[in-house]
Amino acid sequence: MEFYAEEGKKLDEACSTLVLPALSIGNVGQLAVDLFISSLRAERIGYFDDPNVLPCVGNNAYAPSPPGDLSLPLEAFDSSSNRLTLVQQRSPVVKGMMVEFAKNLANFAATNGKKHVIILSSLDFKQWQNIDMSSGLQIYYLSSSSTDGTDEDCEKHGWKRLPEYNPAHRRWEYLSSTNEENIVQDDDLLFEDLKEEDYYPSLPFAALFSCFKAKGLKVTCLLCYCSEGDNIPDAFQLAEAASKILIQSPNDFEGTGSGRWIVPFSWKSVYGPPPDTSLF
């Protein structure tokens, strides 16, 4: 993986927290990162070239006016006032190369002084074992702060540790072992003969969590269950949850609060143009 800074720009060393999505059902993590970039008016500082990410290109996702910069598969944004670096990923990783991709991102984070990594992702609703909608959308978390994945700060917000996390499970152990020297990577283990209990460690967030943790960084995964469809409400919920970790005082984080999130320009065309009324 190579990082290319835009002309006249560079990574801000004061931005010690990294926020990024892990691609999954409904693209909720990507939508939540979109909200952060748009609401914080984060500045794009560069992009990544990684052979493990499929190529794509599109229009500027955050502004309709010139210069009309192109959006690329993997970009970095800084919000210096909030001490954040945000990475947006717009295309999937080549099958079988997720661990290698996660290692590359972990090396980037460790090399550039990141201390805390927040991974935003979604989980398949049909995998939810204990459904309780009495309190609305439930946020789950996974943290590197302890061996069993628990974190006191996350618990204070009323979130639940992902109950299916089992560091002794063979696939979680595999993800941990791939960061050791002289270990031959075999990503087929993550895809062959998948059982119900193998669902979680086979997802991208699991590989990212393990590789960042192996670099000695603090890692917090925030997760929500969803189905395919209009997942914008889920994105708002996940972004609000992440803001609770990032906020220092009520005035430090301008993107939080009811009605204060700025919807990205690209969301205006998520479902395409309205139907031609002459058809009716």
Side-chain angles (χ1 to χ4, degrees), residues 6 9 11-12 14-24 26-48 58-90 109 114-122 136-137 139 141 153-154 157-159 205 208 220-224 226 230-271:
E6 294 199 2
K9 300 178 183 179
L11 288 165
D12 189 340
C15 296
S16 60
T17 300
L18 174 64
V19 180
L20 74 157
L23 273 60
S24 188
N27 303 318
V28 178
Q30 293 162 291
L31 294 173
V33 171
D34 260 353
L35 280 174
F36 273 106
I37 294 171
S38 181
S39 301
L40 296 175
R41 295 181 174 86
E43 178 185 29
R44 188 173 74 170
I45 54 171
Y47 64 93
F48 301 88
N59 291 329
N60 189 332
Y62 306 108
S65 58
D69 295 329
L70 293 177
S71 294
L72 301 173
L74 202 61
E75 297 177 329
F77 298 78
D78 268 357
S79 175
S80 298
S81 60
N82 294 282
R83 301 178 292 281
L84 296 178
T85 294
L86 301 112
V87 169
Q88 180 61 292
Q89 181 182 347
R90 296 190 175 89
K114 307 306 176 187
K115 305 298 182 185
H116 187 191
V117 180
I118 298 175
I119 300 170
L120 307 179
S121 190
S122 49
L137 178 68
I139 297 295
Y141 77 90
D153 291 334
C154 291
H157 295 299
W159 306 331
F205 88 86
L208 290 167
T220 305
C221 297
L222 297 183
L223 312 160
C224 67
C226 75
D230 183 357
N231 298 110
I232 288 177
D234 303 308
F236 275 100
Q237 293 269 18
L238 195 58
E240 284 286 353
S243 71
K244 292 179 180 179
I245 296 179
L246 299 170
I247 194 170
Q248 300 297 321
S249 72
N251 296 321
D252 281 350
F253 197 85
E254 297 179 358
T256 59
S258 176
R260 286 194 284 169
W261 290 104
I262 298 175
V263 174
F265 174 74
S266 57
W267 287 18
K268 298 180 184 297
S269 58
V270 167
Y271 295 104

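Heads up: numbering here begins at 1 and tracks the sequence. Only a predicted model underlies this, so the values are computations on that prediction, with no experimental measurement involved.
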Review point. Taking C-beta and beyond as the side chain, do Lys114 and Cys15 meet within less than 4.5 Å on heavy atoms?
Key: yes
Review point. Do the non-hydrogen side-chain atoms of Val28 and Gln237 ever get within less than 4.5 Å of each other?
Key: no
Exercise for review: Measure from the ring center of Phe77 to the ring center of Tyr47 and say whether it is less than 6.0 Å.
Suggested key: no
Check your understanding: Can you name the side chain to side chain contact (heavy atoms under 4.5 Å, CB included) partners of Phe48, sequence neighbours left out?
Key -> Met1, Phe3, Leu74, Ala76, Val87, Phe108
Point to revise | Residues in side chain to side chain contact (heavy atoms under 4.5 Å, CB included) contact with Asn27, at least two apart in sequence or another chain | key: Gln30
Exercise for review: Report the residues that fulfil salt bridge (charged side-chain N to carboxylate O under 4.0 Å, His left out) with Glu6, sequence neighbours left out, ordered by chain and then residue number.
Suggested key: Lys9, Arg44
Check your understanding: Closest approach of Pro264 and Tyr62, non-hydrogen atoms and distance?
Key -> CB-CD2, 4.0 Å
Exercise for review: Looking only at non-hydrogen atoms, find the nearest pair between Ala14 and Arg83 and report the distance.
Suggested key: O-CB, 3.6 Å
**Study point:** Leu31: side chain to side chain contact (heavy atoms under 4.5 Å, CB included) partners, not counting sequence neighbours
**Key:** Asn231, Ala235, Trp267
Practice item. Could you list the residues that satisfy side chain to side chain contact (heavy atoms under 4.5 Å, CB included) with Ala22, not counting sequence neighbours? Key: Ile119, Ser121, Pro204, Phe205, Leu208
Check your understanding: Heavy-atom distance under 4.5 Å between the side chains of Ile139 and Leu238, does that happen here?
Key -> yes
Practice item. Determine, step by step, whether Ile245 and Leu222 satisfy the side chain to side chain contact (heavy atoms under 4.5 Å, CB included) criterion, reporting the C-alpha distance in whole Å, the side-chain angles of both residues, the deciding distance to 0.1 Å, and the verdict. Key: CA-CA 10 Å; Ile245 296 179; Leu222 297 183; 3.8 Å; yes
Exercise for review: For the pair Leu70 and Asn60, evaluate side chain to side chain contact (heavy atoms under 4.5 Å, CB included) and give the outcome as yes or no after the intermediate values.
Suggested key: CA-CA 5 Å; Leu70 293 177; Asn60 189 332; over 6 Å; no
Review point. For Asn59, does the CG atom sit with more than 12 other heavy atoms under 6.0 Å from it, leaving out its own atoms?
Key: no
Check your understanding: Could you state the interatomic distance from CG (Leu40) to OG (Ser81), rounded to the nearest 0.5 Å?
Key -> 7.0 Å
**Study point:** Ser39 (side chain) donor-acceptor with Leu35 (main chain) under 3.5 angstrom
**Key:** yes
Point to revise | Close side-chain approach of Gln89 and Leu23, heavy atoms under 4.5 Å | key: yes
Practice item. Would you sort out whether Asp34 and Ser266 count as a side chain to side chain contact (heavy atoms under 4.5 Å, CB included), showing the intermediate values? Key: CA-CA 9 Å; Asp34 260 353; Ser266 57; 4.3 Å; yes
Check your understanding: Which atoms form the tightest heavy-atom contact between Ser243 and Phe36, and what is the distance?
Key -> N-CZ, 3.9 Å
Practice item. Please answer whether the main-chain N or O of Phe236 pairs with a side-chain N or O of Asp234 as donor and acceptor at a distance below 3.5 Å. Key: no
Check your understanding: Does a side-chain heavy-atom distance below 4.5 Å link Leu84 with Leu246?
Key -> yes
**Study point:** Set of residues satisfying ring-ring contact (aromatic ring centres under 6.0 Å, His included) with respect to Tyr141, sequence neighbours excluded
**Key:** none
Review point. Any side-chain heavy atom of Ser80 sitting closer than 4.5 Å to one from Asp12?
Key: yes
Check your understanding: Is there a donor-acceptor contact under 3.5 Å from the side chain of Thr85 to the main chain of Leu18?
Key -> no
Practice item. Taking atom types as modelled, find out whether Thr17 and Lys115 have a side-chain donor-acceptor pair closer than 3.5 angstrom. Key: no
Check your understanding: Strictly by modelled atom types, are His116 and Thr220 linked by a side-chain donor-acceptor pair under 3.5 Å?
Key -> yes
Practice item. Considering non-hydrogen atoms only, spot the tightest contact between Gln88 and Pro21 and give its length. Key: OE1-CG, 3.5 Å
